[in-house]
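Inspection log for the structure reproduced underneath, given as structure tokens.
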Amino acid sequence: MNVIGTVGLPGSGKGEAANVAEAAGIPVVVMGDVIRAECRRRGLDPAEHHGRIAGALREEEGDDAIAARTLPRIREAADESDRDTVLVDGLRSTVELERFREAFGDDFTLVAIRAPFELRAERLDARGRDESDSDLEALRERDAREIDLGLGETLDRADAEIDNTGTLAAFRTRVREVLGIEDEETDDDGSARTSTDPATADTGGDGT
């Protein structure tokens, strides 16, 4: 089993990378789902209490609590899929990185997705998922919180990078390369078909 984790600041493109994986039949495990599930277990609205419960889990179970709770989800996703790759969306700290590397060894690859602040701000504003997405100061504060949690160092320790400053098509192509997804082929009915071979994936480039 190959496990590929993604790390990036808000608006960098982690969600779109997950979309590319899912389109190719690669299961995606979102680390934030662990926190949302815990919010619901405690009778809380994840939209309002996500950050607080994430902090509570780390205080109660250790700094690697989110990663530890994600491990069974990764193995379950792998067991239920006919692919030999699982994408893990949303690492935030070196503690989480070490937990995954300890669990999967050389079968774990961390991919950093990078884009400059101004471009990420534009994307978040266009997405409009949250009111704070259009607030530049709120985004700067959010970036600072993520970096304080260790995201900056985690980005620097990635095994591969994807530079998401070009076109959406170019980004998707680079994601497919890193995931080991071959160029799209066409079935007899004209629908797109993809196949993967993670063992031959190029994970050494810088995405430029």
TODO: Evaluate the side-chain proximity of M1 to D84: yes if any heavy-atom separation is below 4.5 Å, no if none is.
DONE: no
Task: salt bridge (charged side-chain N to carboxylate O under 4.0 Å, His left out) evaluation trace for R73 with E76 - done: CA-CA 5 Å; R73 292 173 177 245; E76 181 180 357; over 6 Å; no
TODO: Check each of L110, V7, I66, L149 against E96 using the side chain to side chain contact (heavy atoms under 4.5 Å, CB included) test, and report the only one that passes.
DONE: I66
Open item on the list: What I'd like to find out is whether the side chain of E38 reaches to under 4.5 Å of the side chain of V34, using heavy atoms alone.
Closed with: no
- [ ] Please answer: with hydrophobic residues joined when any side-chain heavy atoms are less than 4.5 Å apart, are L57 and V29 in the same cluster?
- [x] yes
TODO: Keeping the roles fixed (side chain from R92, backbone from G90), state whether a donor-acceptor pair exists under 3.5 Å.
DONE: yes
- [ ] State whether the side chain of N164 and the backbone N or O of S12 hold a donor-acceptor pair below 3.5 Å, judged by distance alone.
- [x] yes
Open item on the list: Let's go through D159 and R101 carefully: what are the C-alpha distance in whole Å and the side-chain angles of both, what is the deciding distance for salt bridge (charged side-chain N to carboxylate O under 4.0 Å, His left out) to 0.1 Å, and is it a yes or a no?
Closed with: CA-CA 12 Å; D159 304 296; R101 285 183 170 163; 3.2 Å; yes
TODO: Apply salt bridge (charged side-chain N to carboxylate O under 4.0 Å, His left out) to the pair D33 and R36, showing each step before the final yes or no.
DONE: CA-CA 5 Å; D33 286 348; R36 284 181 277 273; 2.9 Å; yes
- [ ] May I ask you to say whether E60 pairs ionically with R42, meaning some side-chain N is under 4.0 Å from a carboxylate O?
- [x] yes
TODO: Could you check if a side-chain atom of D107 sits within less than 4.5 angstrom of a side-chain atom of V3, using non-hydrogen atoms only?
DONE: no
Task: Stepwise salt bridge (charged side-chain N to carboxylate O under 4.0 Å, His left out) test for R58 and D64 - done: CA-CA 7 Å; R58 294 186 179 101; D64 63 348; over 6 Å; no
Open item on the list: So R40 and L44, do their side chains get closer than 4.5 Å, heavy atoms only?
Closed with: no
Task: Within 6.0 angstrom of D156 CG, more than 12 heavy atoms from elsewhere - done: yes
Task: Non-hydrogen side-chain atoms of E61 and R69 separated by less than 4.5 Å - done: yes
Task: F117 side chain reached by L9 side chain, heavy atoms, under 4.5 Å - done: no
- [ ] Flag the pair S93 / D63 as yes when at least one side-chain heavy-atom distance between them is below 4.5 Å, and no otherwise.
- [x] no
Task: With sequence neighbours excluded, residues passing side-chain hydrogen bond (donor to acceptor under 3.5 Å, both in side chains) with E153 - done: none
